[in-house]
Amino acid sequence: MTMMKTSSRWSGIGFQALAVLLALAFTTVVMLISGADPLQVYQNIITGALGSPTKVDDILVAWTPLLLATAGLLLTFTAGLWNIGIEGQITLGAIFTTWALRVLQPTDLPPTLIVAVGFLAGALGGMFWAGLVGLLKIFGNVNEIFGGLGLNFVATALTIWLIFGPWKRPGVGSMSGTEPFPLELWLPTLPGFRLSPLALAMGIIAIAIVYILLRGTYFGLRLKAVGRNGRAAFLMGIPTTRYMLMAFLLCGLMAGLAGATQVLAVYHRLIPSISSGYGFLGMMVAMLVNYQALWAAPVALFFAALNIGSIQLPIVLKLDSSLSGVLQGSLVLFVLLMDGVRRRLTRS
Amino acid sequence: MKSKRIWFVMSFVLLLTLLVSACQPAATPTQAPQPTQPPAEPQPTQPPAEPQPTQPPAEPQPTQPPAEPEEFIIGMLLVGPYNDRGWSQAHYDAGLYVEKKIPGVKLIYIDKVNPADRPGTTPEQLAEDLLSKGAKLIIFNSDDMKDGAINFARAHPDVPVIHASGDTSWKEGVNYIEFPKFGNTMGRMEYGKMIAGCAAALTTKTGQIGYLGPLINDETRRLTASAYLGAKYCYEKYAGKNPADLKFKVTWIGFWFNIPGFTADPTQVADDFLNSGYDVVISGIDTTEALVQASKARAAGKEVWAIPYDYEGACAEAPEVCLGVPYFNWGPAYLRAVEQVKAGTFKSYFEWLGPDWTNINNHDTSAVGFVFGDALSADAKANVEKFIAELAGGLNLFVGPLNYQDGTPFLAEGEVATDLQVWYLPQLLEGMEGQSVPSN
């Protein structure tokens, strides 16, 4: 029994390594087709990501919302839910945060308090949007993929409407965003850096909480049961709908915090693509780590590093930065593919 | 058991391969980023992946020592693609112009710097990437990067910065911020737009001119108004028609170029104009949709024309419908800035540069120009040339009586608008259709 288990673990690692290799090979082929020297590309990504403390700082800035999004998604995935709507949940978090700041900005409240309320509002915004997806699924029988996708579009439309309409800069009609908030409403950063330690801590705490929840609590165990076999879980007395809704709400909370971070620590205003695609990237991370919280943090860090490192590509090699996206996407694809291959082989 | 060993061996080999390939780049000396450069000197090999926390954060860390003592790197952030045949390409070409004029100057750039194309990044962050590659002057090329440029200047007050089209360093302006090394440059495109409007008015047969507008702000209001003033003037003076009959309508898309899902589609807007009797479309956006759609309509048998914007070579995409293009020539301004940085005399400034009226297409002296298109008739061309001569002789169209779009007075009889009044034009003008400010 144990031998079989270790054997399958080894085969799993082998297949994953193969998947990584295939992804690298695939990306390399893409580079060759576009006429780039792959070694140079990889080297530029590495130096671009780690070449200076500022770069490492930028990676951590990108890591923070990605961690929050991934942490939330691990909960919904565990409950067997495809929370595609996470992008919209991040966006709603950002909208609610901006809203809170706009309302409280003219008051005499201390900036720290305003920022704290901003975070709270962001969390509520994310939960609100995620709760909608959950309710649609549970009571409206709308699959969460379609519900989430629809609400993503609504969230984008809402952002655009706010930016061009009620929240526009005076005399300006541009999608470039709302008026930036004054410096005292920016989340404090380390001197000379963009990273806000508070936001980073929030991301790390979120993933730690999810790790503990999934690993050592009844809640996590039951959530897994719901995800594996909802009907069996229900028959065993687990209130499945409540657990699903809980998963959505917790994921929305973290997504909302990610949105709040984008407003308070990165852009200091609302912009149209405020979610920056971290929700979808988070899904890729979660799939890549096979929904294991332990690996989510380092893989998210790796993805963030790829994003930052690839900025160098257009400067030096005149290549599009989206090459990092090709690598990220093909990694996920090949890992899933190899997982399927392994299952098929080990079954026979 | 057996499969376990096989997998072990396989994964070990794979890991090894990965490690080897990961280490390889460090062992290869970097090649010079640009093939046009002389062969690169050997470079210090770097460890592949070590962060260096001991170094001070703010210092730029060029990855290579300068090739020659006089090497000077310009770092440019472009809002659109470097080859957009519009706004961004005009800046890119200006960088190449400086490269040609001053030996040792090298242009590096990041294009598509906008939140939709580069999610998760900010202009100030990308500027730091340029800085880390050795840039000695950072150019932010878009209105959209205003906040980014300011944030960057706050963090790096000693790095010379130019924000094209901005007003941050205009002491009399309403957005003045004092920085030591923050330049603003802009061409007086009002003239270019007046010429464009004139060419449109002398060509239209339906008496309806459409203006494909980008986003709404001070700059776009004053440029659209300028096109209208030029059109009105020529419609009356050279075409001998009643300017009150001229229809001039602007439709805004919401950004400088199309971002699907976020802006209105400029292709659609241009088509709407062309299909509803507007037979000349003047473009105010960074890209060439107006020209392209006019060309398609022409192929379908419609008698229509277009006037692109920003980039001298824009007509080439569809010369058969192109009446001409008002364009920016940023080269001389950037050349001066680089010379000042090299001489150590670069200080904050605001400049709003007019055309060189002796020859508005002189690449070394004129900040804005206009090249005629093939589709402009000989008669119209002769009149537009007369109009240009009038402008060169001091004709000012921002003279009263002029009313704002809502009918409130802008300039009294004979009153000449100040630079501040033109730059910060709060509304479109009476007689123009379209939004002055976004509606709620």
Side-chain angles (χ1 to χ4, degrees), chain A residues 3 6-7 10-11 13-14 17-18 20-21 24 37 39-40 42-43 46-58 61-62 65 156 160 164-166 168 171-177 180 192-194 266-269 271-278 307 311-312 314-317 321, chain B residues 1 3-4 7-8 10-11 14-15 17-18 21-22 24-26 28 30-31 33 46 48-53 55 57-58 61 63 108-111 115-116 118-122 125-126 128-130 132-133 144 147 155 215-218 252 254-255 259 261-263 426 435 437-440:
Chain A
M3 193 181 290
T6 32
S7 153
W10 273 114
S11 82
I13 291 177
L18 188 62
V20 170
L21 205 69
L24 280 174
D37 175 356
L39 288 182
Q40 264 199 337
Y42 290 124
Q43 195 210 10
I46 292 170
T47 53
L50 305 168
S52 77
T54 323
K55 302 287 167 57
V56 176
D57 174 63
D58 284 342
V61 171
T156 305
I160 305 252
F164 279 104
K168 65 168 188 274
V172 174
S174 164
M175 67 144 241
S176 67
F193 289 96
R194 269 185 288 276
V266 181
Y267 288 107
H268 313 295
R269 63 196 159 113
I271 62 167
S273 47
I274 189 79
S275 73
S276 301
Y278 287 128
N307 274 7
I311 291 172
Q312 299 276 319
I315 307 179
V316 183
L317 300 172
S321 301
Chain B
M1 250 335 259
S3 71
K4 177 185 168 184
W7 284 119
F8 180 79
M10 251 188 86
S11 41
L14 289 179
L15 255 171
T17 327
L18 273 179
S21 62
Q24 200 128 15
T28 342
T30 337
Q31 287 167 12
Q46 299 171 331
E50 283 299 310
Q52 298 151 353
Q55 287 175 322
Q61 297 168 4
T63 49
I108 61 174
Y109 67 93
I110 304 180
D111 65 351
R118 297 192 182 276
T121 63
T122 57
Q125 171 192 353
L126 299 174
E128 275 172 13
D129 264 286
L130 295 173
S132 75
K133 287 286 173 194
D144 192 48
D147 302 323
L215 46 85
I216 312 178
N217 67 8
D218 297 327
W252 309 100
F255 198 61
I259 300 183
F262 294 111
T263 62
Q435 286 181 308
V437 287
S439 58
N440 272 322

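Because only heavy atoms are used, hydrogens play no part in the values below, and waters and symmetry mates are left out as well, while side chains stay in. By convention in this document, chain letters (A, B, ...) are assigned in the order of the sequence lines, proteins followed by strands, and residues within each chain are numbered from 1.
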I'd like to know whether B:Gln125 forms a side-chain contact (heavy atoms from CB on, under 4.5 Å) with A:Thr54, so could you lay out the CA-CA distance, the side-chain angles of the two residues, the decisive distance to 0.1 Å, and finally the verdict. CA-CA 9 Å; B:Gln125 171 192 353; A:Thr54 323; over 6 Å; no
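Here the closest heavy-atom approach between residue B:Leu215 and residue A:Gly173 is recorded as CB-O, 3.1 Å. Closest heavy-atom contact between B:Val437 and A:Gly171: CG1-CA, 4.0 Å. The two residues B:Phe262 and A:Phe164 make their nearest non-hydrogen contact at O-CE1, 4.3 Å. Shortest non-hydrogen contact noted between B:Phe255 and A:Ser174 is CD1-OG, 4.1 Å. Closest non-hydrogen pair, A:Tyr267 versus B:Thr121, comes out as OH-O, 2.8 Å.
One finds the OG atom of B:Ser132 at 6.5 Å from the CD1 atom of A:Ile315 (value rounded to the nearest 0.5 Å).
For the side-chain contact (heavy atoms from CB on, under 4.5 Å) test, residues two or more places apart in sequence or in another chain that qualify with A:Asn307 are A:Leu281, A:Ser324, A:Gln328. Shown here are the salt bridge (Lys or Arg N to Asp or Glu O under 4.0 Å) partners of A:Arg194, two or more places apart in sequence or in another chain: A:Asp58, B:Glu128.
The parts of A:Pro272 that come within reach of chain B are both its backbone and its side chain, each placing non-hydrogen atoms under 4.5 angstrom from that chain.
When each of B:Asp129, B:Ile110, B:Ile108 is scored by its heavy-atom pairs under 4.5 Å with chain A, the top score falls to B:Asp129.
A:Arg269 is listed as a side-chain neighbour of B:Asp147, based on a closest heavy-atom distance under 4.5 Å.
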